[in-house]
Every structure is written in C-alpha cells, then in structure tokens.
Amino acid sequence: MAATWTIKNVEAYTEYDDHAQVIFRVHWCCTQSTTIDHTLYSADLTGGQGIEPAPPARFPFDSFTPYAEVTEAEVVGWVHAYMGAGIVADIEERCEKIMEERVAPTTLSGTPWVSPEP
C-alpha cells in the first residue's frame with residue numbers, strides 16, 4: 001500500500017530577502033488505508049517540518065515559486081527532501097503498522113465485568 005501525503009497548513013514569512021510570502025514551515029499528514037470486506041481501515045500521522053536552511057545558508061531563490069503558485073505536490077516534495085528518504089520511510093511504516101493493528105487488533109480495551117447491552 002502506498003502512503004498518501006497531504007499538506008494541512010503552511011507558515012510563511014510575509015517578506016524575506018526581498019521576496020513576499022516565503023514558506024518556512026509545513027504541517028503535513030501521512031495516511032495509509034485499505035478496504036477489506038467493504039470496510040475501510042485507515043491510519044494517519046501528522047507533524048510539522050521546517051523547510052528553511054540553517055543559518056548562514058539562505059533559501060535557494062534561483063528556484064523560488066511565488067506563494068500563490070505553490071502546489072501541494074511541490075510542498076510535499078520539499079518536506080520529503082528536508083526529512084530525507086529514511087525518515088519518510090519510517091513515518092510511512094509506522095502509519096502502516098497502526099492501520100494493520102486496526103485491521104487485526106492485538107490488544108483489547110474495555111471493562112470485562114460489565115455485560116454488553118443487548
């Protein structure tokens with residue numbers, strides 16, 4: 001199963017190095033889902049990722065995309081680049097394990113001394 005990455009929100013400087021609305025932080029969601037016997041099982045993990053270089057490096061403005069033209073796919077690419085392939089894979093694996101636990105639980109929760117209502 002492939003994970004789906006979505007962007008929930010971005011934070012941007014109103015102005016940075018003579019550029020307007022420069023994105024510096026991204027809030028993301030990684031989702032795994034599957035359907036078994038007409039039942040949808042899913043899990044998601046959310047987090048935030050800074051995408052600005054550590055000082056004294058600067059944003060690579062030779063490839064700057066104006067805020068109004070940025071696409072979700074582009075921002076997902078930035079997030080993955082800053083995280084690195086290993087962290088992206090770890091997040092996707094954790095998300096898949098959570099979903100698998102929902103499909104085939106290995107733990108129980110409840111109060112066994114209380115009878116379920118009919």
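In this chain, numbering begins with 1 at the start of the sequence shown.
Using modelled atom types, one finds a donor on one side chain and an acceptor on the other under 3.5 Å when comparing T65 with E74. Between the side chains of W5 and E92, at least one donor-acceptor pair of N or O atoms lies under 3.5 Å.
A salt bridge is absent between E101 and K97; no separation between the charged side-chain nitrogens and carboxylate oxygens falls under 4.0 Å.
Atom CD of E96 sits about 9.0 Å away from atom OG1 of T34, to the nearest 0.5 Å. Atom CG of N9 is separated from atom CZ of R25 by 10.5 Å, given to the nearest 0.5 angstrom. Taking NE2 of H38 as the start and CG of L40 as the end, the distance is 13.0 Å to the nearest 0.5 Å. Rounding to the nearest 0.5 Å gives a distance of 8.0 Å between CD of Q49 and CD1 of I91. The distance from the SG atom of C30 to the CG atom of D90 is 11.0 Å, given to the nearest 0.5 Å.
The heavy-atom pair separating V79 from W28 by the smallest distance is CG1-CD1, 4.1 Å. Heavy-atom minimum distance, Q32 versus A3: NE2-CB, 3.5 Å. Contact record, Y41 with R102: CE2-O, 3.6 Å, taken as the closest heavy-atom pair.
The ring-ring contact (aromatic ring centres under 6.0 Å, His included) test with F24 is passed by exactly one of Y16, Y13, W78: Y13.
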Original post:
Do L45 and I98 pass the side chain to side chain contact (heavy atoms under 4.5 Å, CB included) test, and can you show the C-alpha distance, the side-chain angles, and the key distance before you say yes or no?
Top reply: CA-CA 9 Å; L45 293 171; I98 293 167; 3.8 Å; yes
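Contact of the H27 side chain with the V10 side chain is not registered, since no non-hydrogen atoms from C-beta on lie closer than 4.5 Å.
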